[in-house]
Amino acid sequence: MAKQRSEAEAREHDAEDLEAQERAASAAEEQIWPAWAAAVLTLIGTGLLVWNLCEARRATALAREHMSTDLRAWVLPLSPAFDSSSNTTVDGGIVYANATLLAVAFQNVGRSPALGATMWVEMRITEIADPPQSVTPPTAQSGASAIVGPNQPCQTGWTAIGDAKRDAFFAGHLAVYLYAGVAYRTIFDGPPCLTEVCYRIVCNGVRRAEDGSLQPNYEIGLAGIQLAT
């Protein structure tokens, strides 16, 4: 009798263990989908975080680029400049009894200084009837380095046309091609900036002022190069 009771208790205990295991297995199965959902939501949240970080970085880069564009220096050409001189020594020691001096003026129209600005100018003279010159940048890039502040002008050194060529230029027989450039840096990191320009200048007559000086009537036009980086 005692043996039968022990066996019954054992069977009952085994049944309870089996039932407990079944409940545990069922509970585990019920947690699978919530676990998967939590994993998927975590993955989506991580993806959104990475995307937000990338977008924030891109927005910061764009803002920095726009700021540098808005605040950087921009040195642009204004116009040729003219003067006259007697007994002028230019071009490696050539002395002109009477010379017309030519240069090119620039201006920093930006909102910050142009650093290390170096300017140069080169002149080429052709017959007025010759076809337009092949427009290429000047090869010489010499001159003192300077800082050009916002809204400040700057000017290349002078080059000269003198004596017989000057007379032929004033008579309208010659055309002058004036090539000029300025290289500089901005306050922002980046490659050096370059501005180049080429003017074609002809003289349409000369009048004499009351003080006896000659007043040429210049016709000035762009001849192809007008680059600003």
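Note that these values count all heavy atoms, side chains included, but never hydrogens, waters or copies made by symmetry.
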Report task. Verify side chain to side chain contact (heavy atoms under 4.5 Å, CB included) between Y199 and L222, making sure each step is shown before the conclusion. Result -> CA-CA 5 Å; Y199 294 103; L222 286 172; 3.7 Å; yes
Query raised in the report: W158 and A81: which non-hydrogen atoms are nearest, and at how many Å?
Result: CZ3-O, 3.6 Å
Requested in this report: Give a yes or no answer on whether the side chain of T156 reaches the backbone of V104 with a donor-acceptor pair at less than 3.5 Å.
Outcome: yes
Query raised in the report: Which atom pair, heavy atoms only, marks the closest approach of L178 to P80?
Result: CD2-CB, 4.2 Å
Report task. Say whether, by atom type as modelled, one donor and one acceptor occur between the side chain of Y184 and the main chain of V75 under 3.5 angstrom. Result -> yes
Requested in this report: Check the hydrophobic clustering (I, L, V, M, F, W, Y; side-chain heavy atoms under 4.5 Å; chains of links allowed) and say if I147 and F188 are grouped together.
Outcome: yes
Requested in this report: Would you confirm whether Q107, through its side chain, and N151, through its main-chain N or O, come within 3.5 Å as a donor-acceptor pair?
Outcome: yes
Query raised in the report: Given side chains that start at C-beta, do those of V148 and V182 come closer than 4.5 Å, heavy atoms only?
Result: no
**Report entry** Any side-chain heavy-atom pair of C154 and N108 under 4.5 Å
**Finding:** no
Query raised in the report: Would you say D167's side chain and A171's backbone share a donor-acceptor pair under 3.5 angstrom?
Result: no
Query raised in the report: Does any non-hydrogen side-chain atom of I220 lie less than 4.5 Å from one of S79?
Result: no
Query - same_hphob_cluster(M123, F82) at 4.5 Å side-chain heavy-atom cutoff - result: yes
Query raised in the report: Same cluster for L71 and L115 if Ile/Leu/Val/Met/Phe/Trp/Tyr side chains link at under 4.5 Å?
Result: yes
Query raised in the report: Quick one: side chain to side chain contact (heavy atoms under 4.5 Å, CB included) partners of N204, sequence neighbours excluded?
Result: V202, N217, E219
**Report entry** Side-chain (S112) to main-chain (A73) donor-acceptor, under 3.5 angstrom
**Finding:** yes
Requested in this report: Give, for atom CG of D83 and atom CG of L102, the distance between the pair rounded to the nearest 0.5 Å.
Outcome: 10.0 Å
Query raised in the report: Where does the angle between the aromatic ring planes of F170 and Y218 fall among parallel (under 30°), tilted (30 to 60°) and perpendicular (over 60°)?
Result: tilted
Query raised in the report: If you take all heavy atoms of P77 and T195, which pair is closest and at what distance?
Result: CD-CG2, 3.6 Å
**Report entry** Contact summary for H173 and E127, nearest pair of heavy atoms
**Finding:** O-OE1, 3.5 Å
Query raised in the report: Looking only at heavy atoms, which two atoms of F169 and L174 are closest? And how far apart?
Result: CD1-O, 3.6 Å
Requested in this report: Taking all heavy atoms of G116 and all of R185, pick out the closest pair and write down the distance.
Outcome: CA-NH1, 4.2 Å
